[in-house]
Amino acid sequence: VAFDYTIAPKPVTITWTNTETLVYNKTAQAPTATVNGLCTRNGVMDTCNVTVTGAQTAAGTGYQAEATALSNPNYVLATQEGGWVTTFKINPKPVNIVWSNTTLTYNGQAQTPTATVATGELCAGDACAVTVTANVESIDVDTYTATATALSNTNYVLATKEGGWTTTFKIDPKPVNITWSNTTLT
């Protein structure tokens, strides 16, 4: 007696990881989907990779990724209402800054030092300006405090630093030349 039979793929579930921990790196990223319930044959666990769609490049929240296929034909994604979808975010990359021009010369205008993102901390081809504010209007000769308050590129964020990103700077007197006139006295 012969029997025909079909061995159906085993339905499996997945677990999502890295939905909150991805950090901007200028490449497309998505969370990781890992298969649960794989079988072991002869002491060796089957392997099964998951195809995930929805990868994103920019820092942001509310992205959606979906598990769409499995690499091992012995398994199939279990039926789940709404499919195997998760939301994820890509966090801005923390960067450090470097201060320059902390000694300025009086010019009658408000001035602040320059802050730039430290060398090597931006991804290739990216630009990012640093917004600097002074604690008070810094026009006259004196010593002031400046703070880096924002970055122009939303893929980056100021790294956490005890005391924040502040520096002291000074405005020195403007050197002047004196020209004498009427030097002949009678």
Side-chain angles (χ1 to χ4, degrees), residues 1-100 114-133 147-166:
V1 174
F3 292 98
D4 288 329
Y5 61 93
T6 302
I7 298 175
K10 178 183 178 185
V12 292
T13 62
I14 61 166
T15 300
W16 292 100
T17 57
N18 299 325
T19 59
E20 299 287 321
T21 58
L22 297 172
V23 176
Y24 172 77
N25 65 8
K26 205 172 182 174
T27 61
Q29 301 180 80
T32 303
T34 305
V35 178
N36 301 313
L38 295 176
C39 295
T40 301
R41 282 189 274 175
N42 300 322
V44 178
M45 173 96 49
D46 282 348
T47 60
C48 186
N49 296 317
V50 182
T51 300
V52 175
T53 60
Q56 299 293 320
T57 303
T61 61
Y63 294 133
Q64 282 199 333
E66 182 176 9
T68 58
L70 300 175
S71 66
N72 188 325
N74 292 319
Y75 299 97
V76 63
L77 288 169
T79 302
Q80 176 173 293
E81 187 174 327
W84 289 96
V85 176
T86 191
T87 59
F88 71 100
K89 69 178 182 178
I90 298 176
N91 298 295
K93 179 182 178 185
V95 293
N96 294 294
I97 63 165
V98 176
W99 291 100
S100 60
T114 303
T116 55
V117 175
T119 302
E121 296 205 6
L122 295 178
C123 295
D126 282 355
C128 186
V130 181
T131 301
V132 175
T133 57
T147 303
T149 57
L151 299 175
S152 66
N153 187 327
T154 58
N155 288 316
Y156 298 94
V157 65
L158 290 168
T160 302
K161 179 181 176 192
E162 188 174 326
W165 287 101
T166 62

| message | Could you tell me if the side chain of V132 sits less than 4.5 Å from the side chain of T114, heavy atoms only? | response | no
| query | Does the N42 side chain pair with the main chain of V44, one donor and one acceptor, at a distance under 3.5 Å? | reply | no
| message | Could you check whether any side-chain heavy atom of Y156 comes within less than 4.5 Å of a side-chain heavy atom of V117, counting everything from C-beta outward? | response | no
| task | Decide yes or no on side-chain contact (heavy atoms from CB on, under 4.5 Å) for F88 and Q29, but give the supporting numbers first. | result | CA-CA 10 Å; F88 71 100; Q29 301 180 80; 5.6 Å; no
| message | Given 3.5 Å as the limit, does a donor-acceptor pair link the side chain of W84 with the main chain of A78, or not? | response | yes
| said: As an exercise, state the distance from NZ of K26 to CG of L122, rounded to the nearest 0.5 Å. | reply: 9.5 Å
| Closest heavy-atom pair and its distance - S152, A129 | OG-N, 2.7 Å
| message | For the OG1 atom of T34 and the CD1 atom of I14, what is their distance to the nearest 0.5 Å? | response | 8.5 Å
| query | What is the minimum heavy-atom distance between A115 and I97, and which atoms define it? | reply | CB-CD1, 3.9 Å
| request: Please report the closest heavy-atom contact between N49 and S71, naming both atoms and the distance. | output: N-OG, 2.7 Å
| Minimum heavy-atom separation for A159 to N96, with atom names? | CB-OD1, 3.7 Å
| Residues forming a side-chain contact (heavy atoms from CB on, under 4.5 Å) with A58, sequence neighbours excluded | Y63, N155
| Can you tell me how far the OG1 atom of T13 sits from the CG atom of N36, to the nearest 0.5 Å? | 4.0 Å
| remark: Between W99 and T147 the two heavy atoms that sit nearest each other are CH2-C, 4.0 Å
| How far does CG of N91 sit from CG of N25, to the nearest 0.5 angstrom? | 11.5 Å
| Heavy-atom side-chain proximity of V130 to L151 below 4.5 angstrom | yes
| query | Going from CD on E20 to OG1 on T87, what distance comes out if it is rounded to the nearest 0.5 angstrom? | reply | 7.0 Å
| field | Candidate pair K10 and D46, rule side-chain contact (heavy atoms from CB on, under 4.5 Å), full reasoning | value | CA-CA 12 Å; K10 178 183 178 185; D46 282 348; over 6 Å; no
| Point-to-point distance, once rounded to the nearest 0.5 Å, from CG of L77 to CG of L70 | 4.0 Å
| task | Taking all heavy atoms of E66 and all of V85, pick out the closest pair and write down the distance. | result | CG-CG2, 3.8 Å
| request: Classify the side-chain pair Y24/N153 by whether it contains a donor and acceptor separated by less than 3.5 Å. | output: no
| note | Which of T17, N18, T19 passes side-chain hydrogen bond (donor to acceptor under 3.5 Å, both in side chains) with T21? Answer is N18
